[in-house]
Amino acid sequence: MNALLVVEDVHKRYGKEEVLKGVSFQLEKGETKVIIGPSGTGKSTLLRCINRLTEPDRGRVWLDGVEVTSPKTNINSIRAQIGFVFQDFNLFTHLTALENVRLGPMRVLGMKKTDATELAREELARVGLADKANAYPAELSGGQQQRVSIARALAMNPKLILFDEPTSALDPELIGEVLEVMIQLAKEGMTMVVVTHEMGFARSVADEIIFMEKGVIVEQGPPAQLFSSPKHPRTAEFLRKITELYGGEG
Amino acid sequence: MEFFRQLWEVGTYLPMLLRASTVNLELLGALLVIGFLMGTLVALLQVYGGRLLGTVAYVYEWVFRSVPALVLLFLFYFGPSEFGWYISPFLAASLALGLRSSAYQSQIFRGAIQAIPTGQMLAARALGMSRVRAILHVILPQAFRLAIPGWSNEFSSVVKDTTLAYVVSLNEIMRYAKIIMDRRYELAMASFIMVALVFLFFTYSGNWLLGQMERRFRIPGLQMPGASSTVL
Amino acid sequence: MTAFYFEWSFLPKLAQGLVLTVEITAACIAFGFVLGVLLALGRVYGRKLISLPCSIYIHFFRGTPLLTQLFIVYFGLPNWGIHLSAFTSGILALGLNTAAYQAEYFRGAIQAVKGGQMLAARSLGMSRIQAIRYVILPQAFRIVIPSWSNELILMLKYSSIVFSISLLDLMGMGKRIAARHFNYFEVFIVVALFYLVLVFVLSQSLRWLERRVRVPGLGAPGLR
């Protein structure tokens with residue numbers, strides 16, 4: 001398998017409800033895939049199954065040839081290679097921005113404190129928050145917190161980054177600064193899977209868009225094709241509704 | 001094991017231990033009543049008393065919360081005899097533990113009174129009620145309901161404190177257990193474990209009872225701020 | 001009316017007792033802290049095999065009187081061949097007791113740390129233990145400070161119970177002086193004053209500690 005990430009037939013059930021009904025896709029290095037779809041269709045669950053923050057009931061996942069879902073795999077070392085950005089940011093409340101970013105490199109990658117600190121400063125500068133290094137999460141706006149959380153993921157030098165609705169919890173005027181960082185990352189060749197409602201972002205940045213509904217992938221394809229001539233009627237309907245709500249270009 | 005045989009032997013003393021424990025329960029009742037009455041008074045003084053009385057009330061609370069129960073027990077038991085008055089261990093313990101509890105209870109009641117929206121008092125006065133009437137008929141009924149959870153905590157801790165009266169020679173359960181031990185040294189562990197079990201029973205039945213009371217007196221919408229509304 | 005009898009020579013002896021009180025309190029709190037954290041972690045993160053004994057322990061030591069626990073350790077253990085000094089018994093009994101209460105406070109604090117924190121830590125590749133150590137506990141310790149301070153002050157007062165096994169702490173020393181000179185009232189008024197000062201100093205120090213480790217955005221839920 002040459003693909004960086006392979007997701008094969010993943011199923012997940014919560015009680016009586018089956019949230020993921022057999023989802024498969026692949027991701028090449030440097031690709032950006034965006035997953036769209038109505039709320040509650042299992043998009044977030046899918047992301048969490050990739051790094052097993054949620055355990056899939058069935059199905060397998062490979063990262064760079066290593067089977068993530070195998071019981072023999074050291075899941076911690078896999079997770080260290082996959083960055084994850086949460087909708088609620090989940091910054092460590094008791095640490096400053098700088099300390100948040102350097103914790104992973106120090107404690108998981110075993111870097112020395114001085115090296116980790118320098119790395120953290122670089123990553124914070126990369127997301128435009130060099131001057132907020134000593135601020136606590138509570139002192140930062142939502143957009144700033146999310147950018148710190150991206151820096152935190154970047155500091156681990158991950159092979160790919162998963163974004164779980166990164167802007168859904170933000171006030172509208174703060175969304176832009178986060179999307180900007182993500183667009184820059186995509187341009188620099190970072191491999192990304194992004195779950196989002198931001199159609200403008202999807203359209204301009206995605207190499208491929210995956211449309212999910214009711215736990216299955218309905219359609220996937222390059223943005224140009226999906227937006228202008230979707231094959232599936234449900235895709236068309238969803239895109240129509242979404243552009244009505246959020247506006248054409250996003 | 002040997003221990004269970006000893007436990008069985010101590011079992012023969014159980015009726016006497018239980019009889020002695022009624023003294024603990026009587027003390028519990030007495031100190032809770034004293035604590036309740038004084039606690040309400042102190043809380044009212046703190047909230048409505050004005051600067052002088054309020055300060056006195058706060059100092060009272062601070063003193064009785066900071067001085068250990070055992071010191072209070074000694075002061076109330078040995079103190080009067082120095083001045084020529086005799087005081088029974090039971091009365092001394094009731095006063096010492098009761099006034100101490102009043103300090104904790106006053107904190108609970110004060111919190112409850114302050115949690116009642118100011119509009120309640122305003123409405124009562126607007127109807128023409130005097131301050132005293134308003135407190136009696138509008139504030140306190142609500143405050144006491146709000147106070148039930150906090151009061152249950154105080155109750156739980158105070159049940160166990162009745163054993164402290166041991167140090168002023170009250171013939172309660174711990175003293176009796178010690179007598180068993182003095183008589184039959186090898187039964188020491190068993191008899192104190194027995195006392196512990198008796199108190200576990202007291203603690204759990206007490207909590208259960210208070211839980212029932214809380215349910216009975218619950219009024220929808222009347223809650224301490226921050227309390228969840230899930231029924232436990 | 002008997003005359004007021006108090007000698008200044010009593011004060012150094014009482015001060016000696018005070019030192020022992022502080023020692024015993026510090027020792028039992030430290031013991032209770034370590035054991036309490038372990039019990040709390042056992043209850044929150046442990047499997048049934050671990051969390052159940054922890055629960056039983058906590059229920060027993062919170063549901064029974066301290067005096068009973070003290071006598072179980074000092075008078076009861078010899079029945080099982082374990083003979084401890086009064087000093088050790090006092091610290092052990094007080095320590096076991098406070099551990100149960102501290103465990104409950106820690107458990108509440110750990111559960112007050114938002115679930116997302118653990119997720120984020122794991123997503124970085126931290127093991128459970130690393131996450132607990134670097135993310136959960138640092139936050140839980142800040143959240144627990146008000147209840148923990150309360151427990152510390154409570155233990156300072158309850159430490160007086162060790163006089164009943166003949167230890168000469170502040171309470172024990174006071175009793176010895178008073179018994180010799182029959183001036184319980186005077187002596188214990190002074191003892192009460194000693195405790196008042198101790199409690200005051202301790203609560204001010206704890207308030208300072210809380211301010212010192214405060215982090216914006218992290219406090220006990222419901223705290224102003």
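First the proteins, then the strands, lettered A, B, ... as listed; each starts at 1.
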Please determine whether side chain to side chain contact (heavy atoms under 4.5 Å, CB included) holds for the pair B:V67 and C:V191, giving the CA-CA distance in whole Å, both sets of side-chain angles, and the decisive distance to 0.1 Å.
CA-CA 9 Å; B:V67 177; C:V191 167; over 6 Å; no

Residues C:F185 and B:E82: closest non-hydrogen pair is N-OE2, 2.5 Å

Quick one: what part of B:T203 sits under 4.5 Å from any heavy atom of chain C, side chain, backbone, both or neither?
side chain

Side chain from CB out, backbone as N, CA, C, O: work out which of these in B:Y77 comes under 4.5 Å of a heavy atom of chain C, or both, or neither.
neither

Cation-pi, C:F75 ring and B:K178 (6.0 angstrom, 45 degrees):
yes

Checking B:Y185 against chain C: side chain, backbone, both or neither under 4.5 Å from a heavy atom?
both

Identify which part of C:L193 has an atom lying under 4.5 Å from any heavy atom of chain B, answering side chain, backbone, both or neither.
neither

Give, for atom OH of C:Y158 and atom CG of B:D161, the distance between the pair rounded to the nearest 0.5 Å.
3.0 Å

Please indicate whether C:I82 has more than 12 foreign heavy atoms, meaning atoms of other residues, nucleotides or ligands, lying under 6.0 Å from its CD1.
yes

Whatever's closer than 4.5 Å to a heavy atom in chain B on C:Y101 counts as side chain

Need one label for C:L77: side chain, backbone, both or neither, based on atoms under 4.5 Å from any heavy atom in chain B.
both

Heavy-atom neighbours of C:R176 CZ exceed 12 at 6.0 Å
no

Counting only non-hydrogen atoms closer than 4.5 Å, does C:F163 touch chain B with its backbone (N, CA, C, O), its side chain (CB onward), both, or neither?
side chain

Shortest non-hydrogen contact between C:L196 and B:S66, atoms and distance
CD2-CB, 3.2 Å

Output for pair (B:L73 CG, C:M171 CE), nearest 0.5 Å, gives 7.5 Å

Note, C:L66 side chain near B:K160 side chain (heavy atom, < 4.5 Å):
no

Heavy atoms only: give me the nearest C:L154-B:Y104 pair and the separation to one decimal.
CD1-OH, 4.1 Å

What pair of heavy atoms forms the shortest contact from B:A196 to C:T64, and how long is it?
O-CG2, 3.3 Å

Considering non-hydrogen atoms only, spot the tightest contact between C:K157 and B:P68 and give its length.
O-CB, 3.6 Å

Relative to chain B, which of C:F200, C:Y195, C:F194, C:F60 shows the most heavy atom pairs under 4.5 Å?
C:Y195

First locate atom CZ of C:R62, then atom CG of B:L200, and finally report the distance between them rounded to the nearest 0.5 Å.
12.0 Å

CZ-CZ distance between C:F188 and B:F74, expressed to the nearest 0.5 angstrom
5.0 Å

Once rounded to the nearest 0.5 Å, what's the spacing between atom CG of B:L72 and atom OG of C:S160?
9.5 Å

Any idea which of C:A178, C:S164, C:G76 has the most non-hydrogen atom pairs under 4.5 angstrom with chain B?
C:G76

Closest non-hydrogen contact found for C:I72 with B:M189 is CG2-SD, 3.5 Å

What's the spacing between C:L170 CG and B:L70 CG if we round to 0.5 Å?
11.5 Å

Bottom line for B:I193: the part with an atom under 4.5 Å from chain C's heavy atoms is both

